[in-house]
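This chain uses plain numbering: 1 for the first residue, then up along the sequence.
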Amino acid sequence: MAFPVGFGWGAATAAYQVEGGWDADGRGPCVWDTFTHQGGDRVFKNQTGDVACGSYTLWEEDLKCIKQLGLTHYRFSLSWSRLLPDGTTGFINQKGIDYYNKIIDDLLANGVKPIVAIYHFDLPQALEDQGGWLSEAIIEVFDKYSQFCFSTFGDRVKQWITINEPNTLATMAYDFGIFAPGVPHIGTGGYQAAHNMIKAHAKSWHSYDSLFRKEQKGMVSLSLFVCWLEPADPNSKPDQEAAKRAINFQLDFFAKPIFIDGDYPELVKSQIAYMSKKQGYPSSRLPEFTEEEKKMIKGTADFFAVQYYTSRLVKHQESNKGELGFLQDVGIEYFPDPSWKGVGWIYVVPWGIRKLLKYIKDMYNSPVIYITENGFPQCDPPSLDDTQRWEYFRQTFQELFKGNYSGTVHKSGSIQVVVW
């Protein structure tokens, strides 16, 4: 394999996962601090992010690794509560600003482009106490926080992610209750949180567009997690339709409103309405956008940021008992092929990324695509024999090259991709 000239290589981190320093220098608590400090069955070995990788005090060591790897991009997230301890601009923590200024300046001094996620799952606890993502009030608060970030760092940051994996967060945190804040609202909470996240993202994009773009000349999007979904039986019409529904619920739920027309996919709306009626609800559990909101949401992304790790097979499975839940609404069962090899939940399915990118190209009018997360885990304890890891990457890039994908947004090709 020969990588195109200018091919983009990067690494991605998230504040709560790497920084530590959970109560250092004025940082306020976030929902993950509260969640992990409670311990219990939902917290693996009662571990916390109090120290994590220690990046808050060890940034210089991280920078050495970035330089050693020869990265061209580094994606990281801002800790909302490190910058604004109570989540609002009423109290600004200068030491938090200083920390991120140093990261950005050090990256640029070493020829590495910073890609900054404004929010990566770590909502300030003070905002969660006021309703968090289930409250419409969060939309205005998030917009003000975004404007603060654009104003403070946008002179140097030219690529922004407003919300990391809102599709994952909405389902795992507010429907299943597995992620912080860990209070499940099965069948309703995930949709309400997603609804507010879409509007919060769109409002922030418009703020950048009207207040900062002309001077800062940057780009704004949001990143979507996608596990490619394939019919378990390719000759089964029900399984084919189940896979289509699954992709609609997972990817198109967020992408269609933002990239196409400001509204949810018709298949999603009809499916949730059908299941809601079946369960005795007077109307659909999925909130509706007003016509004005649709106009506000449409077209609020400057590139398509996608996060791919693996794939699953999908089988039609309708809920006959009318149970509430996300998977029940979709009407599927999903699982890996027994022949796939992997670690944890990630199976090596290289062709999945090519099918996913082809789907995005066809569905969303050939956008510029950034693969903002991709990778393979290590066992615990890690082994120096990482054959599976490098084989995963080798096969993944082979699939990219089969599609004639370019390495940067400047090169021609059937799909334009930047990878890290």
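Checked against a 6.0 Å centroid threshold, the rings of W345 and Y309 count as neighbours. Within the 6.0 Å centre-distance limit, the rings of F304 and F259 are counted as a close aromatic pair. Proximity of the aromatic rings of W32 and F179 is defined here by a centroid distance below 6.0 angstrom, and this criterion is met.
Considering every non-hydrogen atom in both D329 and Q279, the closest pair reads OD1-NE2, 4.3 Å. Nearest heavy-atom pair, S221 versus A305, reported as atom, atom and distance to 0.1 Å: OG-N, 4.2 Å.
Of the candidates Q317, R245, H316, K315, I332 forms a side chain to side chain contact (heavy atoms under 4.5 Å, CB included) with just one, namely R245. Each of D106, V112, L107, N110 was scored for a side chain to side chain contact (heavy atoms under 4.5 Å, CB included) with K67, with one residue passing: N110.
Using a 4.5 Å heavy-atom cutoff, the side chains of F376 and E391 are not in contact. When side chains are defined from C-beta on, L134 does not count as touching V183, because their heavy atoms never get closer than 4.5 Å.
The aromatic rings of Y100 and F76 sit parallel, their planes meeting at an angle under 30°, below the 60° perpendicular limit. The aromatic rings of W80 and Y119 lie perpendicular to each other, with more than 60° between the two planes, well past the 30° mark. Classification of the F401-F7 ring pair by plane angle, with boundaries at 30° and 60°, yields perpendicular. Using a 30° and 60° split on the angle between ring planes, F142 and Y145 fall in the perpendicular class, above 60°.
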Inset, instruction - Step by step, work out the side-chain hydrogen bond (donor to acceptor under 3.5 Å, both in side chains) result for S55 and E19. - result: CA-CA 4 Å; S55 190; E19 285 182 4; over 6 Å; no
Inset, instruction - Kindly determine whether E60 and K102 satisfy salt bridge (Lys or Arg N to Asp or Glu O under 4.0 Å), including the steps that lead there. - result: CA-CA 10 Å; E60 297 288 353; K102 177 169 176 53; 2.9 Å; yes
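The cationic group of R82 lies under 6.0 Å from the six-membered ring centre of Y56 and within 45° of the ring axis, placing it in a cation-pi geometry.
Rounded to the nearest 0.5 Å, atoms CZ (F326) and OG1 (T171) are 4.5 Å apart.
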